[in-house]
Number of protein chains: 2
Amino acid sequence: MSDFGKYFREKREALSKKGKGLSLRYVSKEIGVDPGYLSKIERGVFAPPSENLIIKMAEIIDEDKDVLLALAGKVSSDLHIIIKKRPKLFGQLIRQLKDAPDNAIFSLVREVQDGDW
Amino acid sequence: MSDFGKYFREKREALSKKGKGLSLRYVSKEIGVDPGYLSKIERGVFAPPSENLIIKMAEIIDEDKDVLLALAGKVSSDLHIIIKKRPKLFGQLIRQLKDAPDNAIFSLVREVQDGDW
DNA sequence: TAGAGTGTGTAGTACTTACTCAACATATGT
DNA sequence: ACATATGTTGAGTAAGTACTACACACTCTA
C-alpha cells in the first residue's frame, strides 16, 4: 500500500553501496528497534512506525523529515501544534492554497521570509 | 485537562436556554452516541471523541469545526491531506508563520484570495 | 403519583498501534 | 569449515482509542 518502506529501503541500500555501511541491522540498532521490525516495515508487511522513529530514519538516510513523514501518511507534530494555536486562520490559508501551483506557494514563502512585522 | 468538553457543554447549555432544545440526550441521539458517553466527554472524564463526531458536534452548536477540533487537540484530516501532498512546501510555510502576528497571516489569506495564477 | 425527560456511574469490549523476542536461512569473508 | 553478518519469519503483547449497555437518580409536569 504505502511506498514508505520501499522508498526507505531503496535509499538505504543506495547509500549502503556508496560506502556507508547502512545494513538493516545496523540501522535498526541506530534507531533502537528490532531488526525484524524494520525488515517488515521496509517490505510493507507492517505499517510505518511512530513519528519519532520516522524522524530518526530520515536523519539516517539524509532525507527531509516532512517528506518521509508524508510518505508514512503523517504530518509532523510541530506543524500540528502551530496550526492548533490558530486553527481558523491556518485552516483558511491552507485550504486556499490547496490547488495553488508550487511556485505560487513558494513565492509566498519567500515573501514571508522578507516580511517585516 | 482539555477544555474541549467544558467548552462544548457551555455552548450547548447556552443554546439550550435560548429555545433550542439541546439536551445532552437529544444531542447524543443526533450524533449517534450513547448519552453516558457524551456526558463523560463533556465533563472531561473521557477524551474527546473521533474527528467525525467532533464535526457533528460543531455543526450542532454552530461552531467552526477547525476550532472545536483544535480544542480536542486535532487537526482536520482534509488539511492533513493537503499538507501531505506537498510536505516540504507547506512545512516551510507553516513554520515560517509560526510567530507571525494574526493580521500578517490574515493579509496573506486575502492576498491569496485575490491571487491570479 | 406516575411518566417523561434529564444527567451520571460502573463495567466491559472490539479494534488499532507500535512494537519485542527468538529462531531461522542465507551469503561473505578467513 | 567456521564465524560473522545479513535479512526474514511467526508468534505474542502492552497500551491506547473509541466507544456500548444499562441501571441509577433526580426533576418537572400532567
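Please read these numbers as outputs of a predicted model, since none were measured by experiment. Numbers restart at 1 for each chain; the letters A, B, ... are given by sequence-line order, proteins then strands.
For the pair B:Met57 CE and D:dC19 P, the interatomic distance rounds to 11 Å; values are reported in whole Å. Rounded to whole Å, the distance from CG on B:Leu22 to P on C:dG5 is 16 Å. As rounded to whole Å, 15 Å separates atom C1' of C:dA27 from atom CG of A:Leu24. Atom CD of B:Glu30 and atom P of C:dT6 are 13 Å apart (whole Å). One interatomic measurement links the two molecules: CD of B:Glu51 to P of D:dT17, which rounds to 15 Å at whole-angstrom precision. One interatomic measurement links the two molecules: CZ of B:Arg9 to C1' of C:dT6, which rounds to 11 Å at whole-angstrom precision. C:dG9 atom P lies 15 Å from atom CD1 of B:Ile41, rounded to whole Å. Here the C1' atom of nucleotide D:dT17 and the CG atom of B:Asn52 are 14 Å apart, to the nearest Å.
The residue A:Leu38 sits apart from the nucleic acid: no heavy atom pair falls under 4.0 Å. Among the heavy atoms of the strands, none lies under 4.0 Å from A:Lys29.
The minimum heavy-atom distance between B:Ser16 and B:Ser23, with the atom names listed, is OG-N, 4.0 Å. Looking at every heavy atom in both residues, B:Ile105 comes nearest to A:Phe90 through CD1-CZ, 3.9 Å. Nearest heavy-atom pair, A:Asp66 versus B:Arg95, reported as atom, atom and distance to 0.1 Å: OD2-NH1, 2.8 Å. Of all heavy-atom pairs spanning B:Pro49 and B:Lys74, the tightest one is O-NZ, 3.3 Å.
Between D:dG7 and A:Arg12, a contact under 4.0 Å exists linking OP1 or OP2 to a side-chain N or O. In this model, the phosphate group of C:dT17 is not approached by any side-chain N or O of A:Ser50 to a distance below 4.0 Å at OP1 or OP2.
The B:Ser23 side chain lies nearest to C:dT6 when the options are D:dT9, C:dT6, C:dT8. In the set C:dG7, D:dG7, C:dC19, D:dG7 carries the atom at the smallest distance from any side-chain atom of A:Ser39.
Of the residues listed (A:Ile31, A:Ile41, A:Leu69, A:Leu71), the one engaging A:Ile54 in a side-chain contact (heavy atoms from CB on, under 4.5 Å) is A:Leu69, and it is the only one.
More than 12 heavy atoms of other residues, nucleotides or ligands sit less than 6.0 Å from atom OH of A:Tyr37. Under a cut-off of 6.0 angstrom, the local environment of CZ in A:Phe106 is sparse, with at most 12 non-hydrogen atoms contributed by other residues, nucleotides or ligands.
At least one donor-acceptor pair under 3.5 Å links the side chain of B:Ser28 to the backbone N or O of B:Arg25. Checked by atom type and distance alone, the side chain of A:Arg86 pairs as donor or acceptor with a backbone atom of B:Lys98 at under 3.5 Å. Within the 3.5 Å criterion, the main-chain N or O of A:Ser77 finds a donor-acceptor partner in the side chain of A:Glu51.
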Polar pairs (N or O, both sides) under 3.5 Å between protein and nucleotides 20-23 of chain C?
{"unit_1": "C:dT20", "atom_1": "OP2", "unit_2": "A:Asp34", "atom_2": "N", "d": "3.2"}
{"unit_1": "C:dC21", "atom_1": "N4", "unit_2": "A:Asp34", "atom_2": "OD2", "d": "3.4"}

N/O to N/O distances under 3.5 Å, protein versus nucleotides 27-30 of chain D:
none

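Of the residues in residues 58-65 of chain B, none has a non-hydrogen atom less than 4.0 angstrom from any atom of DNA chain C.
B:Asn52 and B:Ser50 form no side-chain donor-acceptor contact under 3.5 Å, judged by distance and modelled atom types alone. A donor-acceptor contact closer than 3.5 angstrom links the side chains of A:Arg43 and A:Ser39.
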